[in-house]
**Q** 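Okay, handing you the structure first.
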Amino acid sequence: MKSLMIQGAKIIATGSAIPSSSFSNHDMSKLVSTSDEWIFSRTGIRERRLLKGVDKSIVDLGVVASKKALDKISMHPSKIDLIILATSTPHDLFGSASKLQSEIGAYNAVAFDLTAACSGFVLSLVTASQFLQTGAYSNILVVGADVLSKWVDWSDRSTCILFGDAAGAAILQSCSLINNAILNFQLKTDGNYSKYLSIAYKQNTSAHPQLNIYQGSFKKIYMNGKEVYKFAVFQIPLSILKCLNSINMSVQEIDWLVLHQANERILIAIAQKLSISTNKVISNLRKYGNTSAASIPLALDEAVQDNKISSNDIVVISGFGAGLTWGTIVVRW
Ligand code: COA
């Protein structure tokens, strides 16, 4: 993928937020017929965080994650030009980014939602980098936030065990071309497989009597776990290789692999296919499960706080999920 660049872009801060309430596999086994042993051995997940309380939403989590990122670099929210909120679980079908904008006081920022499920953060990072590299904006806040607990079928043990709630944020800034740190990206979608993972529209059985319009609501999460598993393990190594090859980089140059935290076995299988040591794979699934658009920024933020990722490291970030959509972005930290 080639894009015209008049200036560079870099990530200058990250932040994250998790709900206070944790829900262990043991707790899960009281809800559906499952066990800690089954869940942990198949997924690597031990617990997840759930957003509880009346009217609590991704906006609450997104605000905390954003403020933490801003505080780290002492940036006033008025300096943000654009906010991209990656989410599939907005608190308003028209979007939640503007609510986030007002709650953090980023009054100069234009704000919009981007819906691409678990690939949402990668697509948002790429979108942000385009606005920066073409010179349109100087400071962009990208937030990945999801509360899939509101959309999970809590009686379906094959899906409800996987997901958790969280938010993560990254601030990107323009810089000189020579310091450009968003080195390359590769994005793909194959809508033929959208049926494998969806929260489909559910129309009412009868139409409006005068208008013949079918209104409705949304169903709960449906997933074909086996197909999604095979897709991720097949497509992500290809995406990473393609992205690296086109900038003449080798797999050996990767310092950290930050993959969407879907399943520990998926992370390991991808690393093995690429012959990357699992020591270079960032994983926090054990504590949070799959937090959809939040999973990558949450993992990035923790890895930075733990002094794993440091300046000049080559970080390869890949997301994948419903759509099916997937993609990779190569970053010099
Ligand atoms: N506890 C206990 N047993 C369970 C269970 C649970 N939570 N969920 C399913 N099972 C049972 C099934 O009923 C099935 O029983 P059967 O053999 O008697 O029919 C058995 O376990 C195997 O089920 P299966 O669906 O084949 O398991 P799996 O090995 O494919 O693992 C997933 C299921 C969901 C963990 C796995 O497919 C997966 O992780 N897929 C990727 C999902 C994903 O990452 N999605 C998000 C992408 S963004």
Side-chain angles (χ1 to χ4, degrees), residues 23-48 86-89 114-124 144-149 151-166 168 187-191 193-200 220-237 239 258-271 273 281 283-286 288-299 317-328:
F23 196 68
S24 68
N25 290 346
H26 179 66
D27 297 328
M28 191 71 78
S29 69
K30 294 180 195 156
L31 202 65
V32 288
S33 172
T34 191
S35 64
D36 176 54
E37 199 279 325
W38 194 97
I39 300 171
F40 187 67
S41 63
R42 302 280 175 125
T43 68
I45 300 165
R46 281 265 190 238
E47 57 184 316
R48 68 287 294 143
T87 188
S88 304
T89 53
L114 187 153
T115 305
C118 301
S119 306
F121 188 76
V122 169
L123 267 86
S124 299
D146 266 312
V147 285
L148 280 175
S149 62
W151 297 98
V152 151
D153 176 351
W154 285 105
S155 64
D156 175 7
R157 66 178 182 174
S158 67
T159 52
C160 72
I161 56 152
L162 296 173
F163 300 102
D165 305 331
L187 301 174
K188 296 273 280 183
T189 295
D190 189 343
Y193 300 111
S194 57
K195 61 184 178 220
Y196 289 147
L197 188 49
S198 75
I199 303 177
K220 297 285 188 272
I221 293 179
Y222 166 78
M223 182 182 73
N224 181 328
K226 280 197 192 310
E227 290 300 332
V228 174
Y229 189 102
K230 283 192 284 183
F231 140 75
V233 172
F234 180 69
Q235 293 291 358
I236 294 303
S239 171
V258 184
L259 303 173
H260 166 50
Q261 308 284 299
N263 180 321
E264 188 74 24
R265 289 190 299 149
I266 294 179
L267 306 194
I268 291 168
I270 291 171
K273 275 196 158 184
V281 179
S283 170
N284 63 9
L285 266 161
R286 189 189 172 98
Y288 308 122
N290 176 347
T291 57
S292 193
S295 94
I296 289 173
L298 176 61
I317 300 169
S318 292
F320 52 89
L324 297 175
T325 286
W326 64 104
T328 298

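Counting starts at 1 for both ligands and their atoms, in listed order. Every value quoted in this text rests on a predicted model; they were computed, and no experiment measured them.
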**Q** I'd like to know whether NZ of Lys273 has more than 12 heavy-atom contacts from other residues, nucleotides or ligands below 6.0 angstrom.
**A**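 Result for NZ/Lys273: enclosed.
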**Q** Between Arg286 and Glu264, is any pair of side-chain heavy atoms under 4.5 Å apart?
**A**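 No - every pair of side-chain heavy atoms lies 4.5 Å or more apart.
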**Q** Is a donor from one side chain sitting under 3.5 angstrom from an acceptor on the other, for Thr43 and Asn263?
**A**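 Short answer, no.
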**Q** Output yes when a side-chain donor or acceptor of Asp146 lies under 3.5 Å from a complementary backbone atom of Ala293, and no otherwise.
**A**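 Flag set: sc Asp146 to bb Ala293 pair under 3.5 Å.
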**Q** Grab the two heavy atoms, one from Leu162 and one from Met223, that are nearest each other, plus how far apart they are.
**A**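 Scanning both residues completely, I find the closest heavy atoms to be CD1-CE, 3.3 Å.
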**Q** Protein residues near ligand 1, heavy-atom distance below 4.0 Å?
**A**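 For ligand 1, the residues that come within the 4.0 Å heavy-atom cutoff are Ser33, Thr34, Trp38, Arg42, Thr43, Cys118, Arg157, Ser158, Ile161, Met223, Gly225, Lys226, Val228, Tyr229, His260, Ala262, Asn263, Arg265, Ile266, Asn290, Phe320, Gly321.
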**Q** Would you say Tyr229 has more than 12 foreign heavy atoms packed within less than 6.0 Å of its OH?
**A**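 Above 12, so yes.
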